[in-house]
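Take a look at the structure set out below.
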Amino acid sequence: MGRVTPKGIQILLGGDSRQRAGINAYRPVTPEGLNEILGDPNVKRDPFSFQHRLKGGINGGPYGTNGDHVGRDLKGKTAPDSLDREGPDPLRDRDFVGDEFQGMLMFAPGGKPAFHSLWPEGTADKDKTLRINIASKLPDYIADPESAVHQELSVTDALEKQPVGEIFKPVNANIRAAVDKFAKSFEANFGVKVDVQVDHPNPHVSVMGYDKGRKDITAFSSFPGAMGEWKKLKHTSHSPGYLFVSSSRSKDLSSDDSQRLVNQQLGLALGVAHPHDLAQFRNLSDQAAVTMTTMAYSDLKPVTLGAEDAAGFGPLDFGLRKWLQNAPTLNTGEQTFDLERAYKQSLRDNANTVTFKETGLLPAVSLLANGDHNTLVGGKGDDYLDTNAGYVSTYQDAETGRKQNVVLVEGHIRYIECGAGNNIVVAAKDGDQTIHTGTGKTDVRLLYPEMSGEKVIDAPGEVTVTFTASQLKSAQDATVEKSGDDFVLGSAKNGSLRLQNQAKGEGISSVRMLSESGRVLFEKDVKGLSLDDFRKDVLEPAMKVAAEYVPSKPDVAQDRPSTWKERVERLQKEAEKAGNSHQRYR
């Protein structure tokens, strides 16, 4: 089987029904350029020019439709209670706020994700089946010359405006195998039954091959019929959708490349966007997004710990589970997540990928940890370990300095074992945790105004504990265990914080307290202090400052675009600065 070359990487996933002109010149993906959108002048995408997209974005929709679309304010849209909410970020270094997946979904009228339109209102969970047609002949809804789909395909550049009936071909065996694997994995991980049949009589999506079309396009697909509510796209409204794959270009794809193609194109058919295209994130960088979803233009092979046959899904893709009421609970057993081991495995798996060779980026590691006593083990480098579901952690290799994103998709980490580096640990909002800080410098952060459970800090190294004023404000008392070794700070709302061996002067070395905007309100060196001095010189004055502190509205996204309009305005300025007006993507 063939392997994707640098020339082929961008065209592997390069087409869908809104962007079917393909890539006219080839170079590897450069994810660090995605935050600019503008890039190499040789990489062009039509028929929607860049300026048209800018104008459309300002008018309220990516195509100037003023309709529902990715990136819009979610006010009025129904989000399930299971979606993690935004948390405080006073130091402005938390990458992911827990509900970024909403920024990748197409929303249909009524405020629900577009894929909900696949099933009529009131359909029972047990009856929600995704029906995929492997077409050995052209389906009626495409063959009918009067149908909207047929009319749309008749002017499609990907088919070079040839009659679809004349160039139709069944898909190759490797594409069929990838569809079957997608079906198995999607059912296991998302709880939606997938029925794959040849010439399915009532499909949601038809998978078809074609020949004699554009030589630089491998596949293109449609969005769900619900998106026909966009006024400008009425002429393309149709249900079910389609996935067309070039027979000549797909026959030599490797199994991994075929899987990525199928995963992304079926994702588009479900109404999930490209992160660099229509998606909009509030606190997630575009470069980070490349590593975290199969919808990105990359050939990275994702790493998933604690999931059933993930078949190439990344942390953002697993976010779809939160919108499905019958998603199975994954990984309920006790598990140890060794980040150094996962990194080495990822390095082996991705050593020959174009994205890694050109950028050094590795795919994010997804953690699904629904058991009660899971352990997270860091490495010897300077790790950033955020133990809240939906936030990005960063493992750093001690020898090369190379970093890899890690996301706790769902669940809880009970024990954190830091390595020898200088680490940052963000304690979980809820649940008991024991944090072994390692021998280097460690900053343990308790950021949430209200926390639950007992947080235990075992601090053999040099450790700073960072509070927010709101978190410390509700602290009620400080006690000493009968053994005289542990210091316990109790709170009616916030559970308790236990500092092991603090009474011996062998625990944490400093304490600081921040405002919501990151201003230091209190800071004190506590290394070697006796218990009485620790209480008198540190905790009591800190609690007094916290009690007098009047919180203001947090400003945690000051430097990041928070609306589609702001993003568009930024792109406009960059376009003007670059002196180029046509659309370009990397």
Side-chain angles (χ1 to χ4, degrees), residues 1-2 8 11-23 46-47 118 130-183 194-225 228 233 235-253 257-270:
M1 301 295 287
I11 59 176
L12 171 63
L13 303 173
D16 56 57
S17 65
R18 305 291 174 249
Q19 303 169 329
R20 49 183 171 261
I23 307 295
D46 292 318
L118 297 173
L130 177 60
R131 301 183 297 272
I132 299 178
N133 170 34
I134 304 294
S136 71
K137 59 183 180 181
L138 207 61
D140 291 341
Y141 72 97
I142 293 176
D144 180 5
E146 301 300 320
S147 71
V149 185
H150 187 97
Q151 293 176 29
E152 175 184 345
L153 292 171
S154 68
V155 295
T156 299
D157 287 342
L159 302 182
E160 294 191 329
K161 301 180 181 179
Q162 300 173 88
V164 65
E166 295 181 11
I167 62 174
F168 166 84
K169 289 205 174 221
V171 291
N172 297 309
N174 56 337
I175 297 297
R176 170 63 197 266
V179 172
D180 288 338
K181 187 173 182 179
F182 170 89
V194 184
D195 180 17
V196 182
Q197 293 186 31
V198 175
D199 296 329
H200 200 300
N202 185 28
H204 289 122
V205 182
S206 289
V207 181
M208 295 163 285
Y210 69 93
D211 209 352
K212 300 178 182 177
R214 285 278 297 275
K215 291 182 172 60
D216 58 355
I217 294 180
T218 304
F220 63 97
S221 60
S222 68
F223 294 128
L233 305 182
H235 67 286
T236 63
S237 174
H238 53 77
S239 184
Y242 56 74
L243 191 172
F244 271 98
V245 183
S246 167
S247 297
S248 59
R249 291 194 59 80
S250 63
K251 66 180 180 180
D252 294 327
L253 292 179
D257 295 334
S258 297
Q259 197 64 58
R260 276 189 293 274
L261 183 149
V262 166
N263 283 7
Q264 190 185 85
Q265 298 301 321
L266 287 178
L268 290 170
L270 285 168

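All values below were derived from every heavy atom in this structure, side-chain atoms included, with hydrogens, water molecules and symmetry-related copies excluded.
Qualifying side chain to side chain contact (heavy atoms under 4.5 Å, CB included) partners for Lys212, counting only residues two or more places apart in sequence or in other chains: Gln162, Ile167. Ser248 meets the side-chain hydrogen bond (donor to acceptor under 3.5 Å, both in side chains) test with Ser246; sequence neighbours excluded. The side chain to side chain contact (heavy atoms under 4.5 Å, CB included) search around Ser206 returns Asn133, Pro139, Tyr141, Pro203, Met208, not counting sequence neighbours. Asp180 pairs by the salt bridge (charged side-chain N to carboxylate O under 4.0 Å, His left out) definition with Arg176, not counting sequence neighbours. Residues that satisfy the salt bridge (charged side-chain N to carboxylate O under 4.0 Å, His left out) test with Arg131, not counting sequence neighbours, are absent from this structure. Here Ser154 pairs with nothing under the side-chain hydrogen bond (donor to acceptor under 3.5 Å, both in side chains) rule; sequence neighbours left out. Looking at residues two or more places apart in sequence or on another chain, you find a side chain to side chain contact (heavy atoms under 4.5 Å, CB included) between Gln197 and Asp195, His200, Pro201.
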**Study point:** Worked verdict on Leu270 versus Leu118 for side-chain contact (heavy atoms from CB on, under 4.5 Å)
**Key:** CA-CA 8 Å; Leu270 285 168; Leu118 297 173; 3.4 Å; yes
**Study point:** Candidate pair Asp211 and Ser247, rule side chain to side chain donor-acceptor pair (under 3.5 Å), full reasoning
**Key:** CA-CA 6 Å; Asp211 209 352; Ser247 297; 5.4 Å; no
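The two residues Ala269 and Ser221 have their closest heavy-atom pair at N-OG, 4.4 Å. For the residue pair Leu266 and Val205, the shortest heavy atom distance occurs at CD2-CG1, 3.9 Å. Of all heavy-atom pairs spanning Ile142 and Ser147, the tightest one is O-OG, 4.2 Å. What you find for Gln259 and Ala178 is that their closest heavy atoms are NE2-O, 3.1 Å.
Looking only at side-chain heavy atoms (C-beta outward), Leu253 and Thr218 come within less than 4.5 Å of each other. A heavy-atom distance below 4.5 Å is found between the side chains of Tyr242 and Leu153. Between His204 and Leu130 the shortest side-chain heavy-atom distance falls below 4.5 Å. Here the side chains of Asp157 and Phe220 are not in contact, with every heavy-atom distance at 4.5 Å or above. You'll find the side chain of Val207 stays beyond 4.5 Å of the side chain of Val196, heavy atoms only.
Within the model, atoms CD of Gln265 and OG of Ser222 stand 10.0 Å from one another, a figure rounded to the nearest 0.5 Å. Rounded to the nearest 0.5 Å, atoms OG (Ser250) and OH (Tyr210) are 9.0 Å apart. The CD1 atom of Ile175 lies 5.0 Å from the CG atom of Leu261; values are rounded to the nearest 0.5 Å.
Proximity of a side-chain donor or acceptor of Thr156 to a complementary backbone N or O of Glu152 within less than 3.5 Å is detected. Judged by distance alone, with hydrogens and angles left aside, the side-chain atoms of Arg214 form no donor-acceptor pair with the main-chain N or O of Glu160 at under 3.5 Å.
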